[in-house]
Amino acid sequence: MRHRSSTADHRRATAHAAASGAITAAVALLAFTPATLGPVLAQPAERLVPAIPDAVLERAAPPADALAPFLVAPPAPTARVAPGEAVLDLAIRYVDGAIWDPAEGRDDATRLRAYVDLKAPAAANAPVHAGPTIQVTPGETVRVTLRNELPADDESCPADIEDINVPHCFNRTNLHSHGLWISPAGNSDNVLIAIDPGVTFQYEWNIPADHPSGTFWYHPHLHGSTALQVSSGMAGFILVRGDRLPTPETNGDVDTLLVAADGAPYAERLVLLQQNQYACYDAQGNLETNPDGTYRCDPGQTGVIEGYANFSPGDWEASGRYTSINGEILPTFPGAEVGRIERWRIAHAGIRDTVKLEFRKAAVDAGPLDAAAGNEEDWMAANCPGEPLTAFAMAEDGLTRGAIDPRTTSVLQPGYRTDLLVVFPEPGRYCVIDTQAPATTTVSGAAESRQLLGAVDVALGEGDADAVPADAEGLTAHLEAALVAAAERTMPADVRDAVIADLVDGLRLSKFVPHPTIDASEVTGTQELVFSIDTSTTPTGFLIDGEAYDPDRVDRLLTLGGVDEWTLTSGTDPAAGHPFHIHVNPFQIVEILNPDRVDVSETGEPDDPQYAGMKGVWRDTIFVKPGYDVVMRTRYQRYIGEFVLHCHILDHEDQGMMQNVVIALPGADGKAMRGGHGGHGGHGAH
């Protein structure tokens, strides 16, 4: 809990709220994606959640039908782009901006690395702390030209790097399309290349025609500087929009089901959660802090992120900084209506700390959000007394679930994405809270106090929308009825009955899951992976299978067409939990065994809901709690090449918790063959 509370702080926050000026309705509308705007509750005394601008992608023809409902002003086609391609021009540069500090009641000036869309109007590049949203369709080739405009004079990048696992070269970069099922080689999703300052490189993402629709994201992934650049705000959404209807033989895109009665897609909210740990320093280079140790930036100072000294367990909470939403601190989501189903696409784009998301009904006389600064627990007890609202998870890491999962808490670890269907049953304000998490549920290994993230303002809708029951059973019935009605309107006759039967049988989505279940009979091999921390082994001590990252070593040699069952484990130390992420191919959860060898992947645990409903779910990132075994299966399909797996606590990855993986063609003996020379094996391959 933060302790910097005082009457003066409260006065400063309230004064800012009163002085922030009227916010126009046009700005208020930006809280929604452009095609799904709704009536807005203006809150002129508070900040609204900013829209993340769509990236300006040039195409040779109008955008595909799947994109059309979501682009309010599609760019004009250009003859300079080949048919079937979309072209984006991004720069990385220092950007001067500001981040609201609610405890001080003022903006802090910042100078941070950021993505800039070079084809967008200048105004569309705000907020600077979130990259533009890249919207594409299956079958497109997306060309992203990345221009590194950071300074070449980089003291963190010596000519001779003595230890690759000591953070370094903060102005080098590259680009990772996190979760996309594309090639890891060449100029595709290749994170083993480095783009120096002054260098321009074009990525080519050939998105296959059968790529799942869903919520993905992009961020830098250069070993040694990833955490620093992502913490600066270098992250953005990739949305794959699909319009493929299911057939008796094939599954379809869930987008085709999530359609309201008027034919429009469900209202969407993009929610990019970031933990931007900027700091100010005095003339001697000392960190500026308040008496309680929280960070401070005085007028005339500029917040920066230029090192790793503050990326240790507990540092985020101790800093007093707030998790931002689309680059804004303590904002309000406007425009929600009672009974209307919204799709919340949520991405945890922070580098290390867990977010445990809940919605709670606010008191009628709830005070301004800024007044929570410094005394969150007391403020939320008085202003957010409602029980947690049941929301409905329909996708994890961009991949549609086999069944919608009703939940009151969504646990997001770094790298996670969760798509929630949310229905607000009553008018008024709802608090958006990162609720208190026990030590066993968090990446820091310590109990984390609650933090207010923002609020949602909900108005009465039309007709009898105000009659939605607030309990879980009533909300579930409301959602089921809406989805069944949507299926009746949108689904082809030969699958309509099957889709409806699934929905009334536990909100199942069997005809929309992107990959077939992996049966035990398919498994051709096994893999084991152990995260550990041991500073006696290396200076940083972040290890996988007892070794720190070596860029010249292949840790796992896998066979194209193979199917492996993996067992992931962490040490038993409370701070030894790690989110596992592997590139290219997603994986399916088989079981999650607690220290007593009980599978908790269906029911979860009384003090930790994060594994509930995970059995059979497809993911690309999963948190491995200390002393637990996560068992998953994955297919090595379509793509060969070298890529990585790693801990998605990004400073751990930068300091050694990463491995090189190669998928290779099989030889005549069925084993993986590298480079056409008949070589087999590889550390960690089984």
note = ring pair (Phe, Tyr, Trp, His ring centres under 6.0 Å) pairs touching residues 341-365, sequence neighbours excluded, are Phe333-Trp344, Trp344-Phe359, Phe359-Phe424

query = With sequence neighbours excluded, what pairs up with Trp618 under the side chain to side chain donor-acceptor pair (under 3.5 Å) test?
reply = none

Parallel, tilted or perpendicular, as decided by the 30° and 60° cut-offs, for the rings of Tyr628 and Tyr611 = tilted

ask   = So Arg345 and Thr215, side-chain hydrogen bond (donor to acceptor under 3.5 Å, both in side chains) or not? Walk me through it.
value = CA-CA 7 Å; Arg345 297 180 184 257; Thr215 306; 2.7 Å; yes

ask   = Are Arg417 and Phe216 in a cation-pi setup, meaning NZ or CZ lies under 6.0 angstrom from the ring centre and within 45 degrees of the ring axis?
value = no

request  = Kindly write out the residues that satisfy salt bridge (Lys or Arg N to Asp or Glu O under 4.0 Å) with Arg360, not counting sequence neighbours, or none if the list is empty.
outcome  = Glu358

query = Is Leu412 close to Thr354 at the side-chain level, that is, under 4.5 Å between some pair of heavy atoms?
reply = no

key: Residue pair Gln610 / Glu605, side-chain donor-acceptor N/O under 3.5 Å   = no

inquiry  = Keeping Asn375 on the side-chain end and Trp379 on the backbone end, is there a donor-acceptor pair under 3.5 Å?
reply    = no

ask   = Quick one: which of Asp315, Asp108, Asp353 gives a salt bridge (charged side-chain N to carboxylate O under 4.0 Å, His left out) with Arg321?
value = Asp108

Disulfide bond (SG atoms under 2.5 Å apart): pairs with one or both residues in residues 350-417, sequence neighbours excluded = Cys384-Cys431

query = Is there a side-chain contact between Val456 and Val458, using heavy atoms and a 4.5 Å cut-off?
reply = yes

inquiry  = Is the distance between the ring centroids of His648 and His578 under 6.0 Å?
reply    = no

key: Which residues share a side chain to side chain contact (heavy atoms under 4.5 Å, CB included) with Ala455, sequence neighbours left out   = Thr332, Leu369, Arg429

request  = Tell me whether the guanidinium CZ or amine NZ of Arg343 lies under 6.0 angstrom from the six-membered ring centre of Phe392 and within 45° of its axis.
outcome  = no

remark   = The salt bridge (Lys or Arg N to Asp or Glu O under 4.0 Å) partners of Arg401 (sequence neighbours excluded) come to Glu396

task = Using only heavy-atom distances, determine whether the side chains of Trp316 and Asn310 contain a donor-acceptor pair under 3.5 Å.
result = no

